[in-house]
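Read the structure below first, then the notes.
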Amino acid sequence: MPELPEVETVRRGIGPHVQGRRIARVVVREARLRRPIPADLAARFAGVLVTDIVRRGKYLLFETPAGWLILHLGMSGSLRLVGAAQPPGKHDHVDLELDDGRLLRFCDPRRFGLLLWTREPPVHHPLLAGLGPEPLDESFTGAYLYEKAQGRRLAVKSLIMDSRIVVGVGNIYASEALFRARIRPDRAAGSLGRRDCDRLVESIKIVLGEAIAAGGTTLRDFVDGQGRPGYFRMQLQVYGRGGEACPVCARPLDSARIGQRSSFFCRRCQK
DNA sequence: CCGGACGCCTGTCGGC
DNA sequence: TGCCGACAGGCGTCCG
């Protein structure tokens, strides 16, 4: 579900309500996520202060004096602030009870998500150590992407979805950014010129920025920290629109599977 | 090293 | 109406 804009939307939504509060109690109803929730997590974080919530790629990181919580929403996860009286649903696996009585509730039907903790700053954690630059950071440039693409026969769409190259670009925004950059998603990455890479990097930044401004994309079930959907879906140009008219040239949009993921593009506009 | 396939889970949707 | 396969916003691992 959540790509970078959705995770950032959640962070912005819950941050002001959680930073500076203590976690009164942690309730784990289902520990079997992508990896098991550590058995000592609940005891370790009971009563501790949350000093900050930051995002790295699609990870949410809760800073506390007892260490960091590392949360990933996987494909179907959501994190919502709810009242203490809200009964948990079938897939509400974890509650972080706050000291104001509210609950930060982690729901994840497919259980591809993750909740871990680490004592060291999480940049050193094995899951985060190898991550590439943030797409909205100044260090993510056309020159950087061009260098990374050299000699690669991989489809450019797969390249920009590789978190070692750049974090946060998932299946929706990869198709959208490539359309905006007028580059076919199945082009071999190494065939891109410097100008292509400049346009692609710029397009990724614009698409992600606009998606954050719209509160993310809700296709079926994404909701922010307050349970609200995101509205970027209305601005999607190609994702999920195979067969519909290209918004630029009106030719029917193409769909294809690239790297086992559904992909959408216009073969006339994108080269 | 690289690229592709697979599996982890549950829910939903379309076709028959 | 029911069944069954395909597919879904991610990502680590394995294999050739």
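Lettering follows sequence order; numbering is per chain, from 1. Note that the coordinates shown come from a computational prediction; the quantities given were computed from them, not determined experimentally.
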message: Through direct or indirect side-chain contacts below 4.5 angstrom among Ile, Leu, Val, Met, Phe, Trp and Tyr, which residues connect to A:L103?
response: A:V82
message: I'd like to check the side chain to side chain contact (heavy atoms under 4.5 Å, CB included) partners of A:E134; sequence neighbours left out, ordered by chain and number.
response: A:L4, A:R55, A:R56, A:D137, A:V167
message: Just to be sure I understand the rule, does A:F232 reach a base, reach only the sugar-phosphate, or reach nothing, if contact means heavy atoms closer than 4.0 Å?
response: nothing
- prompt: Which dot-bracket string describes DNA chain C (Watson-Crick N1-N3 plus N6-O4 or O6-N4, or G-U N1-O2 and O6-N3, all under 3.5 Å; [ ] crossing; | other strand)?
  reply: .|||||||.|||||||
message: By the 4.0 Å heavy-atom rule, please label A:Y239 as base, sugar-phosphate, or nothing.
response: sugar-phosphate
- line: The salt bridge (charged side-chain N to carboxylate O under 4.0 Å, His left out) partners of A:R164 (sequence neighbours excluded) come to A:D162
field: Separation of the P atoms in C:dG12 and B:dG11, to the nearest angstrom
entry: 24 Å
- prompt: Residues in side chain to side chain donor-acceptor pair (under 3.5 Å) with A:R35, at least two apart?
  reply: none
task: Assess the side chains of A:R111 and A:H93: does a donor N or O sit below 3.5 Å from an acceptor N or O?
output: no
message: Using a strict threshold of under 4.0 Å (side-chain N to carboxylate O), is an ion pair present between A:D224 and A:R80?
response: no
With sequence neighbours excluded, residues passing salt bridge (charged side-chain N to carboxylate O under 4.0 Å, His left out) with A:R110: none
Using nucleotides 4-7 of chain B, report all nitrogen or oxygen pairs with the protein that are shorter than 3.5 Å.
unit_1: B:dA5; atom_1: OP2; unit_2: A:Q260; atom_2: OE1; d: 2.4
unit_1: B:dA5; atom_1: N7; unit_2: A:Q260; atom_2: NE2; d: 3.4

task: Just jot down the salt bridge (charged side-chain N to carboxylate O under 4.0 Å, His left out) partners of A:E210, sequence neighbours excluded, or say none.
output: A:R180
query: Rounded to the Å, how far apart are A:I258 CD1 and C:dA8 C1'?
result: 17 Å
- prompt: Hey, is the side chain of A:H72 poking within less than 4.0 Å of OP1 or OP2 on C:dG10, counting only N and O atoms?
  reply: no
- line: Only one of A:F232, A:F264, A:Y173 passes ring-ring contact (aromatic ring centres under 6.0 Å, His included) with A:Y239, and that residue is A:F264
task: Give, ordered by number, those residues of residues 162-171 of chain A having at least one heavy-atom distance below 4.0 Å to an atom of DNA chain B; if nothing qualifies, reply none.
output: none
- request: With sequence neighbours left out, write down each residue that passes salt bridge (charged side-chain N to carboxylate O under 4.0 Å, His left out) with A:R105, or none if nothing qualifies.
  value: A:D95
Protein and nucleotides 3-7 of chain C: nitrogen or oxygen contacts under 3.5 angstrom:
none

Can you name the atoms? Protein N/O to nucleotides 8-11 of chain B N/O, anything below 3.5 Å, with the distance.
unit_1: B:dC9; atom_1: O3'; unit_2: A:R111; atom_2: NH2; d: 2.9
unit_1: B:dC9; atom_1: O2; unit_2: A:R110; atom_2: NE; d: 3.0
unit_1: B:dT10; atom_1: OP1; unit_2: A:R111; atom_2: NH2; d: 2.9
unit_1: B:dT10; atom_1: O4'; unit_2: A:P109; atom_2: O; d: 3.4
unit_1: B:dT10; atom_1: O3'; unit_2: A:H91; atom_2: NE2; d: 3.2
unit_1: B:dG11; atom_1: OP1; unit_2: A:K90; atom_2: NZ; d: 3.1
unit_1: B:dG11; atom_1: OP1; unit_2: A:H91; atom_2: NE2; d: 2.6

